[in-house]
J.: 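For reference, the structure I am asking about is given below.
Below, all heavy atoms of this structure are taken into account, side chains as well, without hydrogens, waters or symmetry copies. Whatever order the structure lists them in is the order used to number ligands and atoms, beginning at 1. Keep in mind that what you see is a predicted model, and the values were worked out from it rather than measured. Nothing fancy with the numbering, it's 1 onward along the sequence.
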Amino acid sequence: MKRVFSGVQPTGDLHLGNYLGALRQFVELQEDHECVYCVVDLHSITLPQDPKELRQHIYDVAALYMAIGVDAKKSTIFIQSEVKEHAELSWILTCSSYTGELSRMTQFKDKSKGNESSPAGIFCYPTLMAADILLYDTDVVPVGNDQRQHIELTRDLAIRVNNRFDKKVFVVPEGRYLKEGARVMSLDNPTSKMSKSAENQFSKIGLLDDDNKIKKSIMRATTDSEANVRFDIENKPGVSNLISIYSAFSGKSASEIESMYEGKGYGDFKKDLAEVAIESIRPIRERFYEIRKSDMLTKALDEGAEKARAIAEITMKRVKEQFGIGR
Ligand code: ATP
Ligand code: LTN
């Protein structure tokens with residue numbers, strides 16, 4: 001069976017972008033893959049986090065994995081910092097990376113903005129992500145489009161190390177990106193992606209938002225003055241984003257949605273979309289609160305860390321042997 005690995009940062013409550021771009025794939029893949037899903041807390045401290053909030057968010061992300069349908073009996077769910085090999089392999093891969101390639105990463109440029117006092121962790125972030133993936137001999141990595149560059153770097157590093165030792169030290173992974181939902185845009189500014197860290201709460205739909213908040217966010221979403229439900233990313237980014245969200249939830253194509261709303265205004269379209277989103281998110285939210293209250297979560301995380309460690313230890317032994325470190 002092919003192995004899948006993916007991770008989400010516990011930096012805040014998850015939103016529709018996380019779900020439609022990445023998490024939705026987690027559930028589908030567990031039927032015919034061996035899946036390993038991680039809460040990447042070491043990644044989240046590349047920027048300062050409030051320790052109390054961070055701990056809550058770690059549990060929240062793990063509970064959300066389960067609430068959307070990741071089954072802890074089929075898949076491994078664990079917390080990154082509980083498997084020390086992530087940090088260990090990350091250092092080895094940092095030594096195999098070039099400063100040039102790391103400084104060309106879009107996320108590094110966006111987050112550091114050329115500021116010399118930005119944390120070095122932002123710069124090394126992609127080598128930690130490569131370590132996450134390569135530790136588990138991963139074949140497939142389900143992620144949103146914004147992670148493409150990091151996945152390409154992971155592949156380059158795996159190939160570089162393999163070539164250096166003329167041996168298959170690492171499995172070279174493939175990214176898996178969805179067509180619909182791979183990049184959900186912000187509701188108030190459809191030219192930037194929906195983001196956890198955005199200040200305007202109506203720019204995003206959280207997976208834990210109540211029905212009223214979901215409806216309000218959609219009804220307020222930026223559109224245009226044309227009043228014509230048509231998919232055209234360049235000229236109508238707001239409406240196109242809403243059509244993509246509708247499409248991802250309903251399975252209907254953009255052109256089907258266009259014909260459903262021919263001759264109708266944005267009001268009807270938004271009302272129906274709100275209904276579709278509310279009905280899809282409600283069961284996730286309800287299940288989340290059940291899981292969060294029960295002891296299922298800590299049990300799954302204990303077992304998950306153990307299963308993850310068993311795989312990671314074997315990979316690290318092989319890697320250390322190749323590099324000639326340890327005994
Ligand atoms: P933020 O939204 O604060 O920028 P992030 O990008 O750091 O958060 P993570 O929580 O680490 O997001 O991402 C989890 C997964 O969700 C990743 O696979 C990422 O590609 C995906 N993702 C994040 N934002 C979006 C989006 N707007 N559209 C589609 N996928 C997304
Ligand atoms: N960088 C990713 C989160 C992440 C990840 C990973 C995703 C860290 N390690 C390994 C897939 C596989 C992000 O910011 N979305």
Side-chain angles (χ1 to χ4, degrees), residues 3-26 29 35-47 49 54 57-58 60-62 64-65 68 78-81 83 86-87 89-90 93 105-108 110-111 121-122 124-136 138-155 157-158 173-201 203-207 237 241 244-245 248 308 312:
R3 189 172 286 147
V4 166
F5 182 96
S6 195
V8 173
Q9 297 191 61
T11 41
D13 289 335
L14 301 192
H15 54 71
L16 211 55
N18 302 128
Y19 179 62
L20 295 177
L23 291 166
R24 200 163 46 124
Q25 304 188 62
F26 291 10
L29 285 164
C35 297
V36 182
Y37 298 126
C38 183
V39 181
V40 291
D41 55 349
L42 292 173
H43 276 92
S44 66
I45 58 163
T46 47
L47 293 174
Q49 305 290 334
L54 179 56
H57 285 144
I58 291 172
D60 287 351
V61 171
L64 269 169
Y65 281 170
I68 60 157
F78 77 104
I79 300 168
Q80 184 185 32
S81 63
V83 180
H86 288 256
L89 182 57
S90 164
L93 293 175
M105 292 288 123
T106 321
Q107 185 173 297
F108 166 66
D110 285 352
K111 292 203 169 161
I122 301 179
C124 296
Y125 181 107
T127 63
L128 178 58
M129 176 160 164
D132 300 340
I133 297 168
L134 300 181
L135 256 186
Y136 296 92
T138 304
D139 300 291
V140 185
V141 189
V143 275
N145 243 335
D146 61 317
Q147 296 302 311
R148 237 175 233 275
Q149 208 184 17
H150 291 155
I151 302 290
E152 286 312 309
L153 180 79
T154 303
R155 290 170 54 84
L157 291 175
E174 305 265 353
R176 185 178 193 269
Y177 315 94
L178 291 174
K179 266 213 223 101
E180 295 302 337
R183 192 167 168 80
V184 177
M185 307 310 281
S186 157
L187 297 178
D188 64 341
N189 173 12
T191 53
S192 66
K193 75 164 192 145
M194 187 177 283
S195 167
K196 273 191 238 138
S197 33
E199 270 174 28
N200 178 5
Q201 55 157 334
S203 70
K204 55 193 164 185
I205 297 176
L207 293 181
N241 186 39
S244 297
I245 295 173

J.: Can Asp146 be said to touch ligand 1, with heavy atoms closer than 4.0 Å?
T.: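 Yes; Asp146 lies near enough to ligand 1 that a heavy-atom distance drops under 4.0 Å.
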J.: Regarding ligand 1, does Pro142 bring an N or O atom to under 3.5 Å of one of the ligand's N or O atoms?
T.: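 No: no nitrogen or oxygen of Pro142 is under 3.5 Å from one in ligand 1.
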J.: Backbone, side chain, both or neither: what part of Val141 comes under 4.0 angstrom of ligand 2, heavy atoms only?
T.: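 The part of Val141 near ligand 2 is the side chain, not the backbone.
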J.: Under a 4.0 angstrom heavy-atom cut-off, which atoms of ligand 1 come close to Ala22?
T.: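 Listed by number with element, the hits are 15 (C), 16 (O), 18 (O).
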J.: Counting each atom of ligand 1 from 1 as listed, which ones have a heavy atom of Val8 under 4.0 Å away?
T.: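 Listed by number with element: 10 (O), 14 (C).
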J.: Do the non-hydrogen side-chain atoms of Pro142 and Val4 ever get within less than 4.5 Å of each other?
T.: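 With C-beta onward as the side chain, the pair touches.
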J.: To the nearest 0.5 Å, what is the distance between OG on Ser244 and CE on Met185?
T.: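 Rounded to the nearest 0.5 Å, the OG-CE separation comes out at 10.0 Å.
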J.: Who's the nearest protein heavy-atom neighbour of atom 14 (O) of ligand 2, and how far?
T.: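 Among all protein heavy atoms, the one nearest atom 14 (O) of ligand 2 is Tyr125 OH, 2.7 Å.
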J.: Tell me, do Leu207 and Leu64 make a side-chain contact under 4.5 Å, heavy atoms counted?
T.: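 Yes, at least one pair of side-chain atoms sits under 4.5 Å.
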J.: For atom 13 (C) of ligand 2, which candidate among Gln147, His150, His86, Lys196 holds the nearest heavy atom?
T.: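 Considering heavy atoms of Gln147, His150, His86, Lys196, the nearest to atom 13 (C) of ligand 2 sits in Gln147.
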J.: Considering both backbone and side-chain atoms of Gly17, is one of its nitrogen or oxygen atoms within less than 3.5 Å of a nitrogen or oxygen in ligand 1?
T.: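 Yes, Gly17 has an N/O under 3.5 Å of an N/O on ligand 1.
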J.: Backbone or side chain, does any N or O of Lys111 fall under 3.5 Å from an N or O of ligand 1?
T.: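 For ligand 1, there is no N or O atom that lies under 3.5 Å from one belonging to Lys111.
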J.: State the CZ-CG distance between Arg176 and Asp139, to the nearest 0.5 angstrom.
T.: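 Answer for the CZ-CG pair, Arg176 versus Asp139, is 13.0 Å.
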J.: So for ligand 2, is Asp146 a polar contact partner (N or O within less than 3.5 Å, distance only)?
T.: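 Min N/O separation from ligand 2 is not below 3.5 Å for Asp146.
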J.: Pick one of side chain, backbone, both or neither for how His15 approaches ligand 1, counting any non-hydrogen atom pair under 4.0 Å.
T.: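 Side chain only; the backbone of His15 stays clear of ligand 1.
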J.: Below 4.0 Å, non-hydrogen atoms only: which portion of Ser195 touches ligand 1? Side chain, backbone, both or neither.
T.: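 Both the backbone and the side chain of Ser195 come within reach of ligand 1.
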J.: Under 4.0 Å from a heavy atom of Gln147: give me the atoms of ligand 1 that qualify, with their elements.
T.: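 The atoms of ligand 1 under 4.0 Å from a heavy atom of Gln147 are 20 (O).
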J.: If every non-hydrogen atom of Thr46 is compared with every non-hydrogen atom of Gly121, which pair is closest and at what distance?
T.: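 Shortest heavy-atom separation between Thr46 and Gly121 comes out as CG2-O, 3.4 Å.
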J.: Any donor-acceptor pair under 3.5 Å linking the side-chain atoms of Asp60 with those of His57?
T.: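 Per modelled atom types, His57 and Asp60 side chains form no pair under 3.5 Å.
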J.: Could you tell me whether the side chain of Cys35 reaches within less than 4.5 Å of the side chain of Phe26, counting heavy atoms only?
T.: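 They are not in side-chain contact.
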J.: Enumerate the atoms of ligand 1 whose separation from the nearest heavy atom of Gly21 is less than 4.0 angstrom.
T.: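 The atoms of ligand 1 under 4.0 Å from a heavy atom of Gly21 are 29 (C), 30 (N).
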J.: Using heavy atoms and a threshold below 4.0 Å, how should the contact between Ile133 and ligand 2 be classified: side chain, backbone, both, or neither?
T.: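 For Ile133, only side-chain atoms sit under 4.0 Å from ligand 2.
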J.: Are any of the N or O atoms of Gly7 closer than 3.5 Å to those of ligand 1?
T.: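 Gly7 vs ligand 1: no N/O contact under 3.5 Å.
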J.: By number and element, which atoms of ligand 1 are closer than 4.0 Å to a non-hydrogen atom of Ser197?
T.: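 Numbered from 1, ligand 1 contributes 3 (O).
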J.: What's the shortest heavy-atom distance between Pro173 and Thr154, and which atoms?
T.: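 Closest heavy-atom pair between Pro173 and Thr154: CG-CG2, 4.0 Å.
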J.: Please identify which atoms of ligand 2 are closer than 4.0 Å to at least one heavy atom of Val40.
T.: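 Answer, ordered by atom number: 8 (C), 9 (N).
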J.: What protein heavy atom sits nearest atom 9 (N) of ligand 2, and how far away is it?
T.: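 Closest protein heavy atom to atom 9 (N) of ligand 2: Asp132 OD2, 2.7 Å.
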J.: Is there side-chain contact between Met105 and His150, with heavy atoms separated by less than 4.5 Å?
T.: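 Contact flag for Met105/His150 side chains = yes.
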J.: What are the atoms of ligand 1, with element, lying closer than 4.0 Å to any heavy atom of Arg183?
T.: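 Near Arg183, meaning under 4.0 Å from one of its heavy atoms, ligand 1 has 28 (N), 29 (C).
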J.: Do the rings of Phe5 and Tyr136 sit parallel, tilted or perpendicular, given the 30° and 60° boundaries?
T.: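 Parallel: the ring planes of Phe5 and Tyr136 meet at under 30°.
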J.: Between Val40 and Gly7, what is the shortest heavy-atom contact and its length?
T.: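 So the minimum-distance heavy-atom pair works out to CG1-CA, 4.1 Å.
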J.: Against heavy atoms of Phe5, which atoms of ligand 2 measure under 4.0 Å?
T.: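 Every atom of ligand 2 under 4.0 Å from some heavy atom of Phe5: 10 (C), 12 (C).
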J.: As an exercise, identify every atom of ligand 2 less than 4.0 angstrom from a heavy atom of Val143.
T.: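 Counting from 1, the qualifying ligand atoms are 7 (C), 11 (C).
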J.: Are any of the N/O atoms on Gly144, whether in the backbone or the side chain, positioned under 3.5 angstrom from an N/O atom of ligand 1?
T.: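 Between Gly144 and ligand 1 (N or O atoms, distance only) the closest approach is under 3.5 Å.
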J.: Can you tell me how far the NZ atom of Lys204 sits from the CG atom of Leu187, to the nearest 0.5 Å?
T.: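 Answer for the NZ-CG pair, Lys204 versus Leu187, is 10.5 Å.
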J.: Do we see a donor-acceptor contact under 3.5 Å between the side chains of Gln149 and Thr106?
T.: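 Yes - a donor-acceptor pair under 3.5 Å links their side chains.
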J.: What is the closest protein heavy atom to atom 7 (C) of ligand 2, and at what distance does it sit?
T.: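 Nearest neighbour among protein heavy atoms for atom 7 (C) of ligand 2, to 0.1 Å: Gly7 O, 3.4 Å.
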J.: Does any part of the side chain of Leu54, heavy atoms only, come nearer than 4.5 Å to the side chain of Ile45, both counted from C-beta?
T.: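 In short, these two side chains touch, coming nearer than 4.5 Å.
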J.: Within a strict 4.5 Å, meaning less than it, do heavy atoms of the Gln25 and Leu178 side chains meet?
T.: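 Of all side-chain heavy-atom pairs linking Leu178 with Gln25, at least one is under 4.5 Å.
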J.: Where is the tightest heavy-atom contact between Leu42 and Gln80, given as atom of each residue plus distance?
T.: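 The answer is N-OE1, 2.9 Å.
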J.: Check ligand 2 against Ser6 and write out every atom of the ligand that is under 4.0 Å from a heavy-atom position of the residue.
T.: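 Answer for ligand 2: 11 (C), 12 (C).
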J.: Is the contact between Gln9 and ligand 1 made by the side chain, the backbone, both, or neither, using heavy atoms and a 4.0 Å cut-off?
T.: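 The answer is both.
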J.: Does Asn18 reach ligand 1 with a nitrogen or oxygen that is under 3.5 Å from one of the ligand's nitrogen or oxygen atoms?
T.: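 Between Asn18 and ligand 1, an N or O pair is found under 3.5 Å apart.
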J.: State, yes or no, whether a side-chain contact exists between Gln147 and Met129 at a heavy-atom distance under 4.5 Å.
T.: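 Gln147 reaches Met129 side chain to side chain.
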J.: Check this for me - ligand 1, Asn145, N or O atoms closer than 3.5 angstrom, yes or no?
T.: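 Asn145 vs ligand 1: no N/O contact under 3.5 Å.
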J.: Which of the numbered atoms in ligand 1 are below 4.0 angstrom from a heavy atom of Val143?
T.: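 With Val143 as reference, the close atoms of ligand 1 come out as 18 (O).
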